[in-house]
2 protein chains.
Amino acid sequence: MDTKSRILETALALYNEQGIQSVTSRHIAAEMGISPGNLHYHFRHTDDIIVALYEALSAQMDALVFEMERIENARPEALLDFAEHTFPVVFKYRFIFLHFPEIGLRVPSVKKQYTELVKRRQKEFLSFFKAWQEKGIFRKDVPPQILQTLVTQIFLAGDYWLSHNELTARLKGKEAARAYRQVFAGLFWPYLTEKGRKKFSR
Amino acid sequence: MDTKSRILETALALYNEQGIQSVTSRHIAAEMGISPGNLHYHFRHTDDIIVALYEALSAQMDALVFEMERIENARPEALLDFAEHTFPVVFKYRFIFLHFPEIGLRVPSVKKQYTELVKRRQKEFLSFFKAWQEKGIFRKDVPPQILQTLVTQIFLAGDYWLSHNELTARLKGKEAARAYRQVFAGLFWPYLTEKGRKKFSR
DNA sequence: AATTGATTAGTACATTTGTTCTAAATCGAA
DNA sequence: TTCGATTTAGAACAAATGTACTAATCAATT
């Protein structure tokens, strides 16, 4: 594998283990057994490594959304499946989710990109719910602003389940996935109609 | 005011503005117009300042919980009021909520204290819900594990609404409080009985 | 007034960090 | 094989950081 990719790989491992604060370009180079000069030949600035890793995460998330939209999406399980598919990606790039505010301060462009992404996603999710209402899967007697809070709740869970787990039960791998899948399910289960609930339970 | 308190005050302001990474003991001292030596006379290690600020937050949160338990707590609004009372405290010490993982890495004792706090609080909340079920305010047909996810959802919202707001709508003061009060309300509104819902709406 | 302890300023030092620079080594095409 | 470009190592530098140290100042008590 070429050096540039190895730098990204090593940096990801170190950032995930130790956070971004205590991992320096020298540490990454030492871990790989290359010189600092060589590392900075491939990435002029240390922050460029973080940007590259964020872009990799972003691309993988986009791919998942694309996949979700490609297949049938007019089922409540679609959203749950999507959430579940994101778990390994979130875990792979966990330092980004755990240390996002620090990253945002160091690399403002990342913060800006992310806020724009969230805006788009929120609209998408809201339109999912409305489509489900049309199909009689979702309750129609839910006021719009309540539906809006549901979107917020989903984003809170999606972005911070990892941080929460880190500070509480510290579940590992499959167990964590099961627990937080349940949390997601619990979020919109109350809003399903009888019909939707039948489709949903399995 | 004595120097020690002024250090804490200045550090809090700077941490809230700029995060913990870029704020050094020298910055704090310079901001106050005192010498670095003087600052380190009052706080041997820079991290001691963070510990002191965390303890202040912790004490204020404890006071709120104590207050909630002192007055009538067998009402769903009690929890909502509690959430609302925490908003200004969360905002005052916002750097702790925004940068908790970084703080946890720098000062492991803070992380340890917090995880223990969360465990206690989770049990308290769960017993609230069970009490409400006994009183016919909360639905009884909710399986225990779903009730458990509700607790998780509440903690996710309580700990990360600030981070979420920072990355999305960036609502200010009262507006943020109103929006996230709504999110909290939306969380357990679906679990209220008819009776509970009547008591709740106001 | 003298003394003692607390507070403060200012300097100094070792370490770390990001980055640059120079020169060597390696590689690929002609 | 040669030659130019790419890649690499290693040294060097300036800036920043935590914190220790020394001496001065201040405040209160005897």
* Length of the line joining L39(B):CG and dT17(D):P, which is rounded to integer Å -> 13 Å
* Taking OP1 and OP2 of dT8(D), is either one under 4.0 Å from a side-chain nitrogen or oxygen of H42(A)? -> yes
* For DNA chain D, which residues in residues 4-12 of chain A have a heavy atom at a distance below 4.0 Å? -> none
* Structure fact -> Separation of dT17(D) atom P from Q18(B) atom CD, nearest Å, is 11 Å
* Are OP1 or OP2 of dT7(D) and a side-chain N or O of N38(A) less than 4.0 angstrom apart? -> no
* Structure fact -> Result for 5'-nearest mapping on DNA chain D, choosing between I34(A) and R106(B), is I34(A)
Just distance, no hydrogens or angles: give the donor-acceptor pairs under 3.5 Å from side chains in residues 101-116 of chain B, sequence neighbours left out.
unit_1, atom_1, unit_2, atom_2, d
E102(B), OE2, H99(A), ND1, 2.5
R106(B), NE, D47(B), OD1, 3.1
R106(B), NH2, D47(B), OD1, 2.8
Y114(B), OH, D159(B), OD1, 3.0
Y114(B), OH, D159(B), OD2, 2.4
T115(B), OG1, K111(B), O, 3.4
T115(B), OG1, K112(B), O, 2.7

* Asked: What nucleotide, of dT8(D), dT17(C), dT8(C), holds the atom closest to the side chain of T3(B)?
  -> dT8(C)
* Do any side-chain nitrogens or oxygens of Y41(B) fall under 4.0 Å of OP1 or OP2 in dT7(C)? -> yes
* Kindly write out the residues that satisfy ring pair (Phe, Tyr, Trp, His ring centres under 6.0 Å) with F82(A), not counting sequence neighbours, or none if the list is empty. => none
* To do: Report the nucleotide, chosen from dA9(C), dG10(D), dT7(D), that has the shortest atom-to-atom distance to any side-chain atom of S35(B).
  => dA9(C)
* Rounded distance (Å) that lies between atom C1' of dG18(D) and atom CD of Q21(B) -> 16 Å
* Structure fact -> To the nearest 0.5 Å, atom CZ of F129(B) lies from atom CZ of F138(B) at 5.0 Å
Throw together a table of side-chain donor-acceptor distances under 3.5 angstrom for residues 7-16 of chain A, partners on residues two or more places apart or in other chains.
unit_1, atom_1, unit_2, atom_2, d
T10(A), OG1, R6(A), O, 2.7
N16(A), OD1, R94(A), N, 3.4
N16(A), OD1, F95(A), N, 2.8
N16(A), ND2, L12(A), O, 3.4
N16(A), ND2, K92(A), O, 2.9

Please list every donor-acceptor pair under 3.5 Å in which a side-chain atom of residues 143-158 of chain B meets a protein atom from a residue at least two apart or in another chain.
unit_1, atom_1, unit_2, atom_2, d
T149(B), OG1, I146(B), O, 2.7
T152(B), OG1, Q148(B), O, 3.3
Q153(B), NE2, V183(A), O, 3.1

Nucleotide N/O to protein N/O under 3.5 Å, stretch nucleotides 19-23 of chain D:
unit_1, atom_1, unit_2, atom_2, d
dT19(D), OP1, H45(B), ND1, 2.6
dT19(D), OP2, T46(B), N, 3.1
dT19(D), OP2, T46(B), OG1, 3.4
dA20(D), OP1, R44(B), NH1, 2.7
dA20(D), OP2, R44(B), NH1, 2.6

* Are T24(A) and dT16(C) close enough that a side-chain N or O sits under 4.0 Å from OP1 or OP2? -> no
* **Any donor-acceptor N or O pair under 3.5 Å, side chains S5(A), D2(A)** => yes
* Report yes or no: does T168(A) contribute a side-chain atom to a donor-acceptor pair with the main-chain N or O of H164(A) at less than 3.5 Å? => yes
* Structure fact -> From the list Y180(B), Y93(B), F97(B), W161(B), ring-ring contact (aromatic ring centres under 6.0 Å, His included) with F87(B) holds only for W161(B)
* Should the ring pair F128(A) and F125(A) be called parallel, tilted or perpendicular, given that the plane angle runs from 0 to 90° and is split at 30 and 60? -> tilted
